[in-house]
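Inspection log for the structure reproduced underneath, given as structure tokens.
Reminder, nothing fancy here: chain letters follow the sequence lines and each chain counts from 1.
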Amino acid sequence: MAIDRAQVRHVARLSRLALSPEEEERFAAQLGHVLEYIERLKAIDVSGVEPLSFAGEASSPMREDLSRPCLPREKVLAQAPEQDGQAFLVPRIIE
Amino acid sequence: MPVADFEPVIGLEVHAQLLTRSKIFCGCSTSFGAPPNTQVCPVCLGLPGALPSLNRAAVEMAIKAGKAFGCRIAERSIWARKNYFYPDLPKGYQISQYELPICSGGAVPVPGLGTIGLTRIHLEEDAGKNIHAESGSQVDLNRSGVPLIEIVGEPQLRSAEEASEYLKALRLSLIYLGINDGNLEEGSFRCDANVSVRPRGTQKLGTRVELKNINSFRFVRQAIEYEIERQVKEIESGGKVLQQTRLFDNEKGVTRSMRSKEEANDYRYFPEPDLPPLLVSPEWAAKVQVPKLPHEVLDELTRSGVAQADARTIVADPRLVEVHRRVGGDPRRAALFVVGELARAVNEKEADLAALKFEPAQVAEVWKLQDAGTLSSTAAKEVLAELIRSGKPPARIVQEKGLAQVSDAGALEAVVDAVLARSVSEAEKYKAGKKNLLGFFVGQAMKELKGKGNPGALNELFKRKLGD
Amino acid sequence: MKVDLLPLSRVSAALAAREVSPEALLESSLERIRALDGKLHAFLRLTEGEARAAAKAASQRRERIGPLDGVPIALKDIFCMEGVETTAGSRILKGYLPPYDATVVRKLKQAGAVIVGKLNMDEFAMGSSTENSAFGPTRNPWDLERTPGGSSGGSAAAVAARMVPGTLGTDTGGSIRQPAALVGCAGMKPTYGRVSRFGVIAFASSLDQVGAFAQDVRGVALLLSAIAGHDPDDQTSSTRPVPDYAASLARGVRGLRIGVPAEYFGEGLQPEIDKAVRAGIEVLRSEGCEVKPISLPNSPHAIAAYYIVATAEASSNLARYDGVRYGHRARATQLLEMYERTRAEGFGAEVKRRIMLGTYALSAGYYDAYYLRAQKVRALIRRDFDTAFATVDAVVCPTSPTTAFRLGEKVDDPLAMYLNDIYTVPVNLAGLPGISVPCGFDNKRLPIGMQLIGKPFDEETLLRLAHAYEQRAGFAEQLPPLVEHAGR
Ligand SMILES: [Mg+2]
Ligand SMILES: [Zn+2]
């Protein structure tokens with residue numbers, strides 16, 4: 001088993017996803033199956049290989065430091081689930 | 001063991017807002033104090049589909065800081081995502097630098113401490129602001145995407161006092177470089193401190209605690225002192241210092257643990273795929289001009305003869321350095337003006353360094369009048385005071401206030417002759433050797449001239465007429 | 001044949017010759033959509049009002065802006081369009097109205113294209129069957145019980161069903177080429193960086209690329225010329241000049257060297273596809289191409305590397321859907337609960353699986369073993385292609401190991417679904433251009449696609465080869481039964 005339920009719970013918390021116990025179990029099985037397949041990467045000799053994280057061209061012109069018009073606030077807030085005309089509103093933060 | 005038997009080890013991480021016009025990855029304005037959510041766009045709001053577009057000026061300012069502190073400037077550095085959820089972080093990640101920062105190494109000169117080493121300086125974006133209320137929080141994203149450099153210092157500081165000195169020196173240096181406004185209250189210069197203690201004489205580092213939310217120099221000292229004492233007490237009572245993040249409560253003067261979340265530190269950094277590697281050619285880096293740092297200006301001033309104390313006063317405010325430079329002439333005399341007349345006027349709110357009314361070069365005109373004998377030293381002071389207040393041309397001030405001395409030989413001679421004509425007996429006594437009567441003659445002449453006679457010229461005239 | 005059944009380039013020519021007006025063309029497009037989409041479900045919504053205004057403006061223009069002026073085009077629902085609901089196939093974005101246009105949308109509007117509506121897709125482009133759409137699956141016009149592929153299934157199906165002559169999609173691991181193969185049209189994924197991604201809802205930023213579908217290769221070339229080019233808002237977009245792709249088609253293919261990679265013709269490949277693609281290669285040989293066997297030894301590891309890289313980036317890209325500024329928000333009294341429930345309610349199962357897989361691959365203690373290793377394998381895959389391109393001008397292989405599979409066949413077996421992209425994923429990992437062209441049918445009369453892979457920024461060679469092949473093979477003109485039955 002490549003991943004157990006406790007790990008799934010931990011990863012779900014990091015990802016901010018509430019899972020039901022059934023989902024935990026199902027995802028553990030499915031992710032385990034996929035991770036088993038991915039294990040094959042371990043057999044490949046990658047010694048001395050530089051990782052390729054950027055497949056595009058190396059240089060791109062940077063933006064000049066000029067300010068552009070911003071969005072009108074009505075438009076900014078229009079899509080918000082909760083707002084007070086000035087700011088987005090979120091529930092109390094309990095750390 | 002008492003506190004004195006422990007050695008504190010302190011390293012500071014400073015976040016400094018760069019003085020660009022627009023944000024680091026979008027064209028929104030960076031100005032402070034706009035109404036909430038009026039300086040935002042799809043990019044800094046983290047809207048679906050938006051992508052970052054790097055501001056060249058932010059990079060240049062980081063290069064400037066790196067060069068000023070003698071860092072290595074990386075020809076190729078990498079953007080990274082720091083992942084965590086918080087309402088003021090619209091994308092759910094902060095674009096920062098992690099494994100390959102733009103600057104590494106280097107040191108900050110700190111008066112009295114020599115230099116304090118730097119681990120790195122990297123570029124990143126700021127988050128927005130949460131305004132907490134009882135029922136919930138408001139989220140304002142105006143600050144989201146404002147460019148920052150994070151300056152990570154080596155843990156070479158050994159007391160709260162040293163930490164505060166380092167911070168002051170760093171702040172002043174950034175202001176000199178013109179890349180940060182040094183404003184702690186508005187949060188454009190922020191500091192976190194890593195504090196640990198170890199028994200004196202030992203090398204192994206103790207468990208470090210990260211202190212956040214320190215927003216004044218006084219609080220830096222308070223927070224670190226409190227934390228050192230707390231850690232020592234913890235060890236003394238047989239306990240252990242826990243690795244954690246603590247918030248400084250500036251009302252109570254204590255540090256408090258932020259509830260430790262087990263995953264809090266798993267930021268899952270990885271290279272930012274939306275931005276190509278940041279390339280800084282040696283040619284580009286070479287072209288970036290670095291102005292003089294405070295310690296260099298201090299050296300220059302003292303070498304030119306300015307008194308140590310005056311030089312320090314001037315260097316502490318780059319605006320005073322600028323005035324000193326623009327006054328020109330004899331550096332000592334200019335320094336005396338800056339720490340004298342100008343400082344007094346600023347103190348008495350008759351001048352504002354942010355908006356000077358006068359042209360510093362005009363000070364030399366006053367000196368010229370004084371040196372030519374047109375102004376007495378008292379009158380010169382009065383002219384300078386008015387110059388600072390109003391910025392009127394010195395000649396006009398002299399005229400309006402009627403401050404010019406009579407130095408004209410013809411005009412003085414008539415008065416001298418008149419005084420001698422009615423003081424025959426005193427003249428006799430003088431000639432007989434009572435030389436201190438010279439003061440009497442000059443005084444008589446001054447009375448006649450309503451105080452505007454040039455004392456030096458009168459002295460000379462009387463001496464000559466009396467046969468000396 | 002009616003103009004609206006013609007491939008894009010001929011529709012464009014008909015408009016230029018004023019054989020048809022943009023308005024009439026739009027109306028027949030809308031009519032076919034109304035007639036067929038109840039069965040097909042290619043569209044998530046129509047933008048009739050905007051389309052009619054654009055068609056009217058096009059017909060009133062004295063001079064055509066270019067070849068796309070007046071041409072009805074539809075967009076995968078991953079492209080932000082100001083004021084038009086854009087969901088990326090997800091419940092979490094239901095009702096979301098972007099305040100800006102994606103760069104490609106702006107470019108299409110400037111080219112005079114008539115944007116007809118938004119097309120169905122797998123949620124956040126995660127899937128190979130369009131069954132992961134929160135709004136129900138799209139069906140294949142060749143067999144309504146089967147999938148059109150994915151994730152750009154709506155874009156492919158709409159072109160194959162002649163609802164519009166051209167559509168845009170995105171391709172992260174095959175999401176343009178695989179559905180193009182499964183519905184029998186042409187679909188191209190350009191080089192990474194050739195087209196701006198600004199305003200395109202991200203799945204995996206280092207792999208995503210915008211591309212086009214049309215029934216004909218020339219149509220794809222016309223669309224690509226309109227959308228390609230540098231965009232200061234996307235710093236991963238290239239500053240190289242954009243060629244006139246359609247003009248380059250005339251140059252022919254004689255003398256081009258094409259490589260046939262042994263690894264792409266192995267176990268798991270449907271025999272009819274093997275046969276059809278080999279026959280396709282013979283056609284290219286007879287057109288004067290030199291055919292060479294090549295090896296891409298690390299390509300078989302591509303799926304494993306891809307599912308780490310893509311999910312890692314996705315886990316981060318999808319963090320912004322937090323219920324704070326837009327989109328769905330669950331009821332909750334405190335913040336953590338709001339995050340967890342919003343995302344649990346808003347995302348579908350496949351998206352959750354991928355977010356968790358990506359989070360896992362990046363989390364403390366696993367980064368080196370998974371993410372870093374995957375990026376190194378990615379480097380090896382790219383190196384294989386570099387080596388191959390020293391001796392060939394393009395690589396030819398199948399697009400998909402199977403023809404269209406049945407709806408529901410793979411939904412509960414994520415790995416089986418992932419393996420469907422085995423021939424397309426290496427191209428994304430290496431950042432190369434790829435195109436799929438129709439190359440026949442299996443014995444159930446389901447379309448087969450042939451894939452051509454090119455050097456970075458050498459879309460021209462791929463388009464030339466695909467065009468030359470298409471001219472000889474003639475599969476592009478075949479109508480699926482759905483359209484056939486609706487009557488010409
Ligand atoms: Mg930081
Ligand atoms: Zn912005």
* Hey, is NZ on B/K67 packed in by over 12 heavy atoms from elsewhere, all under 6.0 Å? -> yes
* Taking only heavy atoms into account, what residues of residues 362-371 of chain C are found under 4.5 Å from chain B? -> C/L362, C/S363, C/A364, C/Y367, C/Y371
* Region of B/L54 that comes under 4.5 Å of a non-hydrogen atom in chain C -> both
* To do: Starting at CG of C/D234, measure out to OG of B/S53 and round the result to the nearest 0.5 Å.
  => 9.0 Å
* **Proximal component of C/T86, with respect to chain B [non-hydrogen, under 4.5 Å]** => neither
* **Enclosure of B/R72 CZ (heavy-atom neighbours >12, cutoff 6.0 Å)** => no
* To do: Check whether any side-chain heavy atom of B/L51 lies under 4.5 Å from a side-chain heavy atom of C/R197, and answer yes or no.
  => yes
* To do: Could you have a look at B/P48, B/P276, B/P273 and say which one has the most heavy-atom pairs with chain C under 4.5 angstrom?
  => B/P48
* What part of C/F198 gets closer than 4.5 Å to chain B, counting heavy atoms only: side chain, backbone, both or neither? -> both
* Whether C/Y100 side chain and B/C41 backbone form a donor-acceptor pair below 3.5 Å -> no
* For chain B, the option from C/V324, C/D233, C/D322 that forms the most heavy-atom pairs under 4.5 Å -> C/D233
* Structure fact -> When the 4.5 angstrom heavy-atom criterion is applied to B/Y93 and chain C, the contacting part is side chain
* **Part of C/Y321 within contact of chain B (heavy atom distance under 4.5 Å)** => side chain
* Structure fact -> Looking only at C/A102, C/P99, C/S196, C/S205, the option with the highest number of non-hydrogen pairs under 4.5 Å against chain B is C/S205
* chain B contact via C/L93 - which portion, at a heavy-atom distance below 4.5 Å -> side chain
* Asked: B/F25 versus chain C, heavy atoms under 4.5 Å apart: side chain, backbone, both or neither?
  -> neither
* Heavy-atom count around C/R373 CZ within 6.0 Å, excluding the residue itself: above 12? -> yes
* Asked: Just how far is it from atom OG of C/S316 to atom NZ of B/K91, taken to the nearest 0.5 Å?
  -> 9.0 Å
* **CZ-CZ distance between C/R343 and B/F85, expressed to the nearest 0.5 angstrom** => 3.5 Å
* Structure fact -> If one checks every heavy atom of C/A204 against chain B at 4.5 Å, the contacting part turns out to be neither
* Side chain, backbone, both or neither: which part of C/D208 has a heavy atom under 4.5 Å from chain B? -> neither
* Asked: Would you say C/L372 and B/F270 make side-chain contact, with heavy atoms under 4.5 Å?
  -> no
* **C/R325: which of B/V139, B/L141, B/V40 passes side-chain contact (heavy atoms from CB on, under 4.5 Å)** => B/L141
* Structure fact -> Turns out that what part of C/Y192 lies under 4.5 Å from chain B's heavy atoms comes down to side chain
* **Contacting moiety of B/D274, where chain C heavy atoms sit under 4.5 Å** => both
* Residue selection (most heavy-atom pairs with chain B, distance under 4.5 Å) from C/L318, C/N317, C/L207 -> C/N317
* **Reported CD-to-CZ distance for the pair C/E313 and B/R81, which is rounded to 0.5 angstrom** => 7.0 Å
* Asked: Is the shortest heavy-atom distance from the side chain of C/P98 to the side chain of B/L47 under 4.5 Å?
  -> no
